[in-house]
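Report on one structure; see the data block that follows.
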Amino acid sequence: MIKIVLVDDDAFVLMALKTILEADGKIDVIATGSSGADAIELYNQYLPDVLVMDIRMDDVNGLTAGRQIIEKYPEAKILLLTTFLDDEYIIRAIRFGAKGYILKQSFETIAPAISAVNNGQTVFGEEIMTKMPDLLSGKKRFDKDSFGLTDKELEIITLVAEGLNNKEISGELYLGEGTVRNYISTILEKLELRDRTQLACFYYKNCQ
């Protein structure tokens, strides 16, 4: 029996997935949550065989939660579910060490993916695999050091580019809103940019 924690901010999807996954008796959903913060807390509490979670959630998204969990538990097996075939999400998932990334619409593939991840395999949906050659084509990685940026500053730039406001960034990174404002002011000064719009343009021009 594979013990999993299941996290999705859509209550209907959460219950539907739980029912589907437990139907054949090979998977036991030992806990459910509705946010990235829940995912972190439930992982700490249950240490499941596999953590299965959505990416887009209100407070802490699945990418941020997954990164924080793997920083604490390097052997954690995390399978991400999404309705969005977003290149940046795929790249971030690979970088932090997710063991799988599949579209939640493909219900029939989720249970086999969980089993594969539990067995130590890495699983990406067919739609995502078709994008891999372009994503991993050897495009030069952004050199933050050449711009004098820290890892935290780059993380904030990424979240600004994704459209998050200061309050949302504060929630994502567990920083005070004032701290976030200070970071953004420092970043704008370093990059000689005027505002958040220019910062987002900088990200899409240089960091992708």
ask   = Counting N and O atoms only, with roles assigned by atom type, does the side chain of Asn118 sit under 3.5 Å from a partner on the main chain of Ile114, one being a donor and the other an acceptor?
value = no
key: Residues that Glu41 engages under salt bridge (charged side-chain N to carboxylate O under 4.0 Å, His left out), provided they are two or more places apart   = none
query = Any idea which heavy atoms bring Ala76 and Ile69 closest together, and the distance?
reply = CB-CG2, 3.9 Å
inquiry  = What's the separation between atom CE in Met53 and atom CG in Leu51, rounded to the nearest 0.5 Å?
reply    = 4.5 Å
remark   = Closest non-hydrogen contact found for Met57 with Asp8 is SD-CA, 4.3 Å
Test item: Ile4 and Ile27 side chains (from C-beta on) under 4.5 Å apart, heavy atoms = yes
request  = Any chance you could lay out the salt bridge (charged side-chain N to carboxylate O under 4.0 Å, His left out) test for Glu75 and Lys99, step after step, and finish with the verdict?
outcome  = CA-CA 10 Å; Glu75 301 305 314; Lys99 301 301 181 186; over 6 Å; no
ask   = What distance do Phe107 atom CZ and Ile20 atom CD1 have between them, rounded to the nearest 0.5 Å?
value = 5.0 Å
remark   = Looking only at heavy atoms, the pair that brings Arg67 and Leu173 closest together is NH2-CD2, 4.3 Å
note = Minimal heavy-atom distance between Lys152 and Leu175, with the atoms involved, is CD-CD1, 4.4 Å
query = What residues, two or more places apart in sequence or in another chain, satisfy salt bridge (charged side-chain N to carboxylate O under 4.0 Å, His left out) together with Arg196?
reply = none
ask   = Which pair of heavy atoms, one from Leu81 and one from Lys104, lies closest together, and at what distance?
value = CB-CB, 4.0 Å
query = Which pair of heavy atoms, one from Leu42 and one from Ala31, lies closest together, and at what distance?
reply = CD2-CB, 4.0 Å
message = I need the Ile184 CD1 to Ile156 CD1 distance, nearest 0.5 Å.
response = 6.5 Å
ask   = Under a 4.5 Å cut-off applied to non-hydrogen side-chain atoms, are Thr32 and Asp38 in contact?
value = no
Glu168 side-chain N/O to Asn165 backbone N/O, donor-acceptor pair under 3.5 Å = yes
query = Partners of Asp10 by salt bridge (charged side-chain N to carboxylate O under 4.0 Å, His left out), sequence neighbours excluded?
reply = none
ask   = Roughly how far, to the nearest 0.5 Å, is CG of Leu193 from CG of Leu199?
value = 6.0 Å
note = Sorted by chain and number, sequence neighbours left out, salt bridge (charged side-chain N to carboxylate O under 4.0 Å, His left out) with Asp151 holds for Lys144
Test item: Val160 and Tyr203 side chains (from C-beta on) under 4.5 Å apart, heavy atoms = no
query = In terms of side-chain geometry, is the basic nitrogen of Asp9 or Arg56 positioned less than 4.0 Å from the acidic oxygen of its partner?
reply = no
note = Residues pairing under salt bridge (Lys or Arg N to Asp or Glu O under 4.0 Å) where one sits in residues 174-189, two or more places apart or in two chains, turn out to be none
query = Going from CD1 on Ile110 to CG on Leu17, what distance comes out if it is rounded to the nearest 0.5 angstrom?
reply = 5.0 Å
message = Using 0.5 Å steps for rounding, measure from the CD1 atom of Ile40 to the OH atom of Tyr174.
response = 4.0 Å
request  = Could you list all the ring-ring contact (aromatic ring centres under 6.0 Å, His included) pairs where at least one residue sits in residues 36-81, not counting sequence neighbours?
outcome  = Tyr43-Tyr73
message = Is any side-chain heavy atom of Ile169 closer than 4.5 Å to one of Tyr183?
response = no
Candidates Thr158, Leu63, Thr64 - the one meeting side-chain contact (heavy atoms from CB on, under 4.5 Å) with Glu172 = Thr64
query = Is a side-chain N or O of Asn119 found less than 3.5 angstrom from the main chain of Ser115, in a donor-acceptor match?
reply = yes
task = Check the pair Ile78, Phe96 against side-chain contact (heavy atoms from CB on, under 4.5 Å), reporting the backbone distance first and the verdict last.
result = CA-CA 10 Å; Ile78 299 176; Phe96 84 68; 4.3 Å; yes
ask   = Hey, is Lys3 close enough to Asp28 for a salt bridge, meaning N to O under 4.0 Å?
value = yes
key: Side chain to side chain, Ile157 and Leu191, heavy atoms closer than 4.5 Å   = yes
inquiry  = Looking at Lys26, I want to see if its NZ is surrounded by more than 12 non-hydrogen atoms of other residues, nucleotides or ligands under 6.0 Å.
reply    = no
Presence of salt bridge, Lys77 and Asp49, under 4.0 angstrom = no
